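Shown next, in structure tokens, is the structure this report addresses.
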Amino acid sequence: MIVMKFGGSSLESASAIERVASIVRAHLDQQPVVVVSAMGRTTDGLLAAAEHAARGNSYLAWKQLGELRNFHIQETRRLLRSQAQAFSEQSITPKFRELHMLLTGLAEGDRQLTPELKDEILSYGERLSSEIVAAAFHRLGINTAHLDARQFILTDNQFTHAAPLYWETYAKLRRTLPYLSERTVAVIGGFIGATEDGVTTTLGRGGSDLTASIVGAGICADEIQIWTDVDGMLTCDPRIMDGGHRVRTISYREAEEMARLGAKVLHPSTVAPAIRQRIPISIRNTRRPEIEGTQIVAKASGANGTVKSIACKKGMTVVHLDVHHVGGLPSITEGLGSLFARHNIAVELVQARQAGVSFTLENSLLLPELLRKVDPSVQVRVEEERAVIGLVGEGIGSTPGVTSRALVALKGIDVRMHAQGSSPSTLVFAVPESALATAVANLHREFFSAVDPELFVAARETAEVGAETARHAAFTLAANTRAVPAN
Ligand code: ADP
Ligand code: ASP
Ligand code: MG
């Protein structure tokens with residue numbers, strides 16, 4: 001059995017869903033279980049509608065909800081043709097009616113936008129997409145069963161970033177999926193779960209990747225495939241710089257660090273459930289299925305000390321705390337540590353100095369309140385609009401020369417802090433957000449100008465293969481689509 005997870009961009013339209021069906025069909029002999037995100041940017045749209053309603057702006061809330069409704073109905077019509085009307089009445093319209101009621105309660109001030117209500121509202125994205133994809137597969141001739149993720153993925157009650165109850169979830173998955181998958185392709189919505197009392201939760205933005213790895217670990221899958229809109233893990237974030245190379249293999253640890261340091265292609269918690277059973281994870285491009293993508297495995301190829309990729313995160317704040325009394329530092333860092341943990345704030349780069357400590361954290365609305373809790377004798381300096389850049393590769397933290405090469409490449413850029421990250425596989429730098437693109441380009445030139453073809457596929461080569469693959473994929477899709485009786 002394998003798990004195939006398709007992200008929002010792979011499900012952004014009827015034709016994208018048809019493409020997904022043809023990819024799944026090509027893997028039927030491996031008994032796939034399919035995990036889907038919400039279609040396109042539905043989650044953002046639901047969030048915007050909820051926020052408009054919570055501010056009392058019902059005009060914008062209804063407008064946003066209307067657009068989402070039309071989008072789902074229109075793409076369903078293209079997918080299901082003559083069966084669309086009945087499906088919409090049974091599946092889509094009731095969900096939008098429920099959403100309308102939830103938003104009315106918010107807009108009229110009867111309810112607050114609590115984390116619990118936010119999860120309830122956002123869950124509709126995956127509830128809709130999973131039913132639509134299952135119906136589309138069925139129409140395209142794939143034997144399909146739809147599963148409600150809330151019946152299988154159990155979580156605690158930390159709404160908006162719930163933690164899975166792994167063992168209970170695995171037990172539920174094991175009881176059902178292996179038997180079901182002998183005959184059918186199970187389709188399950190990612191991102192969402194429920195508490196043991198049945199209250200809907202979400203695993204945090206981008207959480208469908210985590211659902212995929214929980215399902216994979218639950219059924220002891222042979223592989224977890226993350227299908228998305230890029231060729232694999234690239235040597236740099238394509239939103240910051242074009243021309244990154246595809247990394248052929250990375251280790252679990254490298255992938256975890258990439259995700260933690262901002263590589264959105266993978267949710268940071270995705271890798272952990274797979275490690276225990278050493279289930280390989282691959283990142284694949286839905287638009288170029290012939291490209292083998294990036295394999296995430298226990299031991300990746302490449303010598304220790306090789307920089308594999310550059311990750312980055314914008315919207316960071318650098319905080320410097322200066323202490324003036326001896327012995328004050330440990331109690332402050334300890335206090336802050338538990339405060340951040342309680343508020344789920346990730347601290348990236350911590351640098352202890354003789355008279356204080358500096359760290360970076362994601363721009364946090366809670367920051368002023370948190371800093372007030374720091375000992376009043378502590379002097380606090382805050383730098384906003386910073387970015388964090390992480391070089392990732394097994395052993396680079398202890399490999400002579402990597403830091404100095406990076407610092408030379410960053411010459412002329414105001415590097416405020418740099419340190420080995422929380423693991424020996426990262427080197428992390430804080431720079432002004434305005435210098436991020438230049439900093440990434442300089443680092444990329446330094447570490448990836450000439451790459452080992454055993455480890456990386458050069459961007460140029462990928463583009464050439466891509467053009468060929470796109471022609472091939474269009475051909476396969478056309479052939480697949482024609483094979484299905486139109487009804
Ligand atoms: P999906 O909707 O499939 O879950 P995401 O938008 O969550 O897709 O993740 C894919 C995106 O991750 C890519 O489009 C790319 O912009 C971003 N990304 C950031 N860093 C990297 C990287 N190093 N390699 C590949 N993609 C990256
Ligand atoms: N739909 C959710 C989001 O946009 C989960 C996911 O796509 O992984 O965050
Ligand atoms: Mg994602």
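Both counts, for ligands and for their atoms, begin at 1 and track the order of listing. Being a predicted model, the structure only gives us computed values, none of them experimental.
Between the side chain of T195 and the backbone N or O of D197, at least one donor-acceptor pair lies under 3.5 Å. The backbone N or O of I291 lies less than 3.5 Å from a partner atom in the side chain of R284, making a donor-acceptor pair.
The closest approach between a heavy atom of G206 and any atom of ligand 2 is below 4.0 Å. At least one heavy atom of G207 lies less than 4.0 angstrom from ligand 2. Ligand 2 is approached by E126 to a heavy-atom distance shorter than 4.0 Å.
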May I have a table of the N/O to N/O pairs between ligand 1 and the protein that fall below 3.5 Å, each row giving the two atom names and the distance to 0.1 Å?
unit_1, atom_1, unit_2, atom_2, d
ligand 1, 2 (O), G8, N, 3.2
ligand 1, 3 (O), T228, OG1, 2.7
ligand 1, 4 (O), K5, NZ, 3.1
ligand 1, 6 (O), K264, NZ, 2.7
ligand 1, 8 (O), T228, OG1, 3.2
ligand 1, 12 (O), V265, N, 3.2
ligand 1, 14 (O), D229, OD1, 2.8
ligand 1, 14 (O), D229, OD2, 3.3
ligand 1, 23 (N), L234, O, 3.1
ligand 1, 24 (N), L234, N, 2.9

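Ring orientation note: the planes of Y170 and Y166 are tilted relative to one another, at an angle of 30° to 60°.
Nearest protein heavy-atom neighbour of atom 7 (O) of ligand 2: S37 OG, 3.2 Å.
Closest heavy-atom contact between T286 and P289: O-CD, 3.6 Å.
The contact set between ligand 2 and T43, taken as ligand atoms under 4.0 Å from a residue heavy atom, comprises 1 (N), 2 (C), 3 (C), 4 (O). Residue R205 has at least one heavy-atom neighbour below 4.0 Å for each of these atoms of ligand 2: 3 (C), 4 (O), 9 (O).
Judged by distance alone, the side chains of E223 and S282 do bring a donor and an acceptor atom under 3.5 Å apart. When only modelled atom types and interatomic distance are considered, E257 and S425 share no side-chain donor-acceptor pair under 3.5 Å. Defined by atom type and a distance below 3.5 Å, a donor-acceptor pair is missing between the side-chain atoms of S123 and T200.
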Q.
With side chain to side chain contact (heavy atoms under 4.5 Å, CB included) as the criterion, how do E116 and V199 come out once you've worked through the C-alpha distance, each side chain's angles and the decisive distance to 0.1 Å?
A. CA-CA 8 Å; E116 186 173 340; V199 183; 3.4 Å; yes

